[in-house]
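Numbering starts at 1 and runs along the sequence shown. Remember, predicted model here, so these are calculated numbers, not experimental data. Indexing begins at 1, ligand by ligand and atom by atom, following the structure's order.
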Amino acid sequence: MRPTNKLLLLLVVVIVIVTAATTTFAGDTTTLCVAQEHDALLAFKRGITSVPAGRLASWRRGSDCCRWKGVVCSNRTGHVLELHLGMEEDQSYFSGQISQSLFSLEHLEHLDLGNNWLEFPSGGQTPTLWGCRKSLTYLNLSGMSFDDGMLPPQLGNLSNLQYLDLSNTVDGRQPEDLRSMQPTDLSWLTRLPLLHHLDLSGVNLSMVHDWPHIVNMIPSLKVLYLSRCELESANQRLPHLNLTRLERLDLSYNNFDHPSESCWFWNITSLTYLNLQENLLYGQLPRTLGKMTSLQFFDFSFSGNNLMAGVISPNLMRSLCNLEVLNFEYGLSSSSMTEIYESLPRCSPSKLRELNLGWNNITGTLPAGIGQFTSFVDLNLCNNHLTGLVPSEIFMLNNLTSLCLADNNLTGIITEEVFSGLTRLKYIDLSSNQMGPGFPPWLQRLAGVDYIDMEDTGITGQFPYWFSAAFSLAKKLDFSHNQINGSLPNNMENMSLHHLLLDGNQITGEMLPLPRNLISFSISNNALSGHIPESICESPQLQDMDLGSNRLEGEFPRCLRMRKIKSLILSNNMFLGKFPIFLQSCTNISFLDLSGNKLSGRLPTWIADLVAIQYLRLSYNMFSGSLPFSITNLREMYDMNLAGNRLSGAIPWNLSNLRSMVEKNDYPSVPFFDNFPVVTKRQELFYGDRLSDMVSIDLSSNFLTGVIPDEITSLGSLMNLNLSWNYLTGKIPHKIGSMASLESLDLSNNQLSGEIPLSLSNLSYLAWLDVSYNNLSGRIPSGPQLDTLYDNDPFMYSGNNGLCGPHLQQKCSRVNNAAKLGNGDNKKSDHVPDSINGLGSGFGVGLWVVLCTILFKKTWRIAYFRLFDKVYDSLYVFTKKNCARLARKTL
Ligand SMILES: *[C@@H]1O[C@H](CO)[C@@H](O)[C@H](O)[C@H]1NC(C)=O
Ligand SMILES: *[C@@H]1O[C@H](CO)[C@@H](O)[C@H](O)[C@H]1NC(C)=O
Ligand SMILES: *[C@@H]1O[C@H](CO)[C@@H](O)[C@H](O)[C@H]1NC(C)=O
Ligand SMILES: *[C@@H]1O[C@H](CO)[C@@H](O)[C@H](O)[C@H]1NC(C)=O
Ligand SMILES: *[C@@H]1O[C@H](CO)[C@@H](O)[C@H](O)[C@H]1NC(C)=O
Ligand SMILES: *[C@@H]1O[C@H](CO)[C@@H](O)[C@H](O)[C@H]1NC(C)=O
Ligand SMILES: *[C@@H]1O[C@H](CO)[C@@H](O)[C@H](O)[C@H]1NC(C)=O
Ligand SMILES: *[C@@H]1O[C@H](CO)[C@@H](O)[C@H](O)[C@H]1NC(C)=O
Ligand SMILES: *[C@@H]1O[C@H](CO)[C@@H](O)[C@H](O)[C@H]1NC(C)=O
């Protein structure tokens, strides 16, 4: 470049800057960004500490701010009118401080900062002066935290506001991350005469008792969302209802526990959407509900507590002809199917798409007239007490895509009629009914269905010849817990199945080729025999496979293509050979259960490369040699069970590498198969979904020698430690009392010596302790916890001649005799993992009952799971099913 050119360029730049500083930028001929506003926006950008990639890249000094991403200007004046800076679909959000300068924009009409991590300047103080107070019509500050937990009353100055979103329920973030807002006063809202959309969901309004009166003074409201606001009651008396334009009202997840009839909102006949999910409203639903003829969506689910739930009076909703979605799941006090059926809308044409009456203890039979509701898309009658036949009219519901009749007492389907319908059905769940005996022939008609659940439906006999052809398009089939016998269906390899569950039948014969796209396959507790054919390697998508408790034998084939496997269960078969070599390439595996086979040889050192392992269960095989030192590389491991092998040598000393046992950070993923028992001494706990809570090491019944490494005491989240029946010597680690999570500790039948550390009495969760049959000496520690344990099991110190203590001296000779007897039993049950004694299964059932009660007693559930919403959601479906099953089995 020649010097003159350079000069020229410099001159141009100077001119541009000067022009910019005085009035506008000459970027574009049509839009002219105002300099002050350009600076204000840049000041805003400076306040942002974390910017999602690309979102503010165009915000560069000197360029036309009207062309910046997220900025909309007036074509006429160049003033900034709209700022679209809310969280985007890809979850990218800003964090940092909002610059005061943003509030100097005088022409702003639309300000969207929704779902960011932003704070107001100078310690969260909301600016009092809003330049845009006359122009702003849309303000989205959802997810914003305000310093004092109050909502700023200055917002009442924004006299043209139509949309106001201050909600505090942010997807993907835990509520506790958001500073809780607890305003005491909302009266400023009444200064917004044009407001029609107000969202305060997730804001704690428990101190604002007059909330209905306040909203009633905003007659312009069309949309009012007050979900999860900790509201106590909705039975305030309003002398006159102003909200004649209100269309959408969401009061879900609040704490109303009064008769539903006394709620103030039933007269608002303009409502199209009314959500009362998860409250504790009870009693008769008011007759005025029947007059809300605009209603399209009504959700009263989970609104009842056991005895006092909603009651539907005869014909209540007959004229609600616009109703599309009606949800009463777990919301009605037990009633009869006929009553409910009579009260449904009778309109022509019917618009009711979704009807959910699940979990309501509804009795009676399914009326054939249900076939009139041709508009049904989703029909859920799960978990009731319905009896009798499933009317074939259901098969005429042409628009039905999802049908759940699970957990009733229904007995088969009338099959004489020609089925004309169900062409759109994608999902059908008939589990836990009586559809057998035999293999229902009408299942052939469900050819287009993706998901068919026939678990526990009393099906007997063999797979019919048409099985593979009829379900060739299905994605998931569940026929587990029936009495299907005979061999697996032929020609399965051409099916499109992703999930096939056949557990708990009487299937015999050899494994046959599986569908090629299978992702999960489980056939535990059947009577399959023979070797596993190489064909199993032809399903390379397999992630979960459970072949447990069959009669399979031989070596598992060397499937080099099965690399996606995440959980593999081969337990309780007769597999032979070494630790399967193909696993070396399965680095995603997190759940491996080979227990109860005849596998032998050394554990390979490459086991340490399976770094995703969370559950390693190799118990009751014939593995020998020493424990690979590198096994402690498995930092994700929560459960290591190597009991009942022939392992020798020392326990690796570097146990503190097992990070997940030191400190539990995450909930491990548990395969969705049946419940896995976790065996702690004399307690077979069916953890089911609590399995993900268990942290356990079981090395019992081996030939381990040497000392118990001191580092074991760093495993602060370990709940079960069983080292019994080995040849361990030395002392019990002095700091054992720092293993604060221990619930069960078994060191019995070793050669440990020295004293029992006093710190043992610090273990406040300890529910099982056994140090019997060692060479321990000295005083036994005492403490309330240990004394209780001793009272429950007086043999826990037996067989240690050197031990003394108040209890022992008193009962010494008697205890010793009894212990010798008990010892024989112990030894036996120790080596038979499946033996469940009465105590054990009793405990397991007890646990389930507690868990189920928590799940279904709404108030407890809220308290218990509020902080664990995410975990709870993923477990919910799984558990619901098990609870229903348990209920049936125990009641
Ligand atoms: C400005 O003009 C563009 C194109 O001419 C148009 O798409 C946009 O809607 C206009 N903006 C406003 C705020 O009127
Ligand atoms: C506010 O922003 C959030 C996040 O972008 C969005 O989900 C919500 O719908 C917005 N609120 C309104 C009233 O538009
Ligand atoms: C804005 O609102 C605050 C608090 O309600 C009030 O003190 C202040 O005077 C108002 N400012 C203007 C300019 O109206
Ligand atoms: C809501 O606010 C009330 C009163 O300040 C408080 O007692 C309650 O614990 C709060 N609720 C939640 C869930 O934070
Ligand atoms: C109805 O709304 C008007 C206008 O905001 C208000 O003046 C009046 O007090 C309201 N009536 C009731 C009963 O709240
Ligand atoms: C609702 O309507 C009923 C009769 O239809 C009337 O008795 C009641 O006072 C009304 N409630 C309100 C708050 O307007
Ligand atoms: C259904 O009955 C069971 C057992 O009797 C009870 O625990 C449950 O709360 C009932 N459900 C409803 C919605 O009333
Ligand atoms: C079935 O669904 C189709 C398309 O969604 C719709 O046009 C039709 O009206 C529905 N039939 C009935 C009876 O509602
Ligand atoms: C199911 O129905 C049969 C008879 O039809 C009855 O004997 C049985 O008790 C019922 N079971 C339940 C759980 O209601």
Residue from Asn255, Leu231, Asn254 passing side chain to side chain contact (heavy atoms under 4.5 Å, CB included) with Asn279: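 Option passing the side chain to side chain contact (heavy atoms under 4.5 Å, CB included) with Asn279: Asn254.
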Location of contacts on Arg424 toward ligand 8, heavy atoms closer than 4.0 Å: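 Answer for Arg424: side chain.
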Check: Asn399 N/O within less than 3.5 Å of ligand 8 N/O: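 Yes; the residue has a nitrogen or oxygen that sits under 3.5 Å from a nitrogen or oxygen of the ligand.
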Qualifying residues under disulfide bond (SG atoms under 2.5 Å apart), relative to Cys321, sequence neighbours excluded: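 Partners of Cys321 under the disulfide bond (SG atoms under 2.5 Å apart) test: Cys347.
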Leu344 and Leu323: CA distance, side-chain angles, deciding distance, side-chain contact (heavy atoms from CB on, under 4.5 Å) verdict: CA-CA 10 Å; Leu344 293 177; Leu323 209 54; over 6 Å; no
Residues Asn160 and Thr137: side-chain donor-acceptor under 3.5 angstrom: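 Result is no, nothing qualifies.
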Arg346 to Tyr341, cation-pi by 6.0 Å centre distance and 45° axis angle: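 Judged by the rule, Arg346 and Tyr341 form a cation-pi pair.
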Charged N-O contact under 4.0 Å between Glu261 and Arg287: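 No, this pair does not count.
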Basic-acidic side-chain contact under 4.0 Å: Lys351, Glu324: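 Salt bridge flag = no for Glu324 with Lys351.
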Side chain, backbone, both or neither: Tyr163 near ligand 2, heavy atoms under 4.0 Å: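 None of Tyr163 does.
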Can you list the ligand 2 atoms lying under 4.0 Å from a non-hydrogen atom of [X]?
X      : answer
Gly114 : 2 (O)
Asp165 : 1 (C), 8 (C), 10 (C), 11 (N), 12 (C), 13 (C)
His197 : 13 (C)
Asn115 : 4 (C)

side-chain contact (heavy atoms from CB on, under 4.5 Å) between Asn327 and Glu354, worked out: CA-CA 8 Å; Asn327 189 350; Glu354 222 180 292; 5.8 Å; no
Atom indices of ligand 8, in the order listed, that fall short of 4.0 Å to a heavy atom of Thr374: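 In order of numbering, the contacting atoms are 12 (C), 13 (C).
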Minimum side-chain heavy-atom gap Leu102-Leu83 below 4.5 Å: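 In short, these two side chains touch, coming nearer than 4.5 Å.
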Protein residues having a heavy atom less than 4.0 Å from any atom of ligand 5: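 Close residues (ligand 5, cut-off 4.0 Å): Asn216, Met217, Pro219, His240, Asn242.
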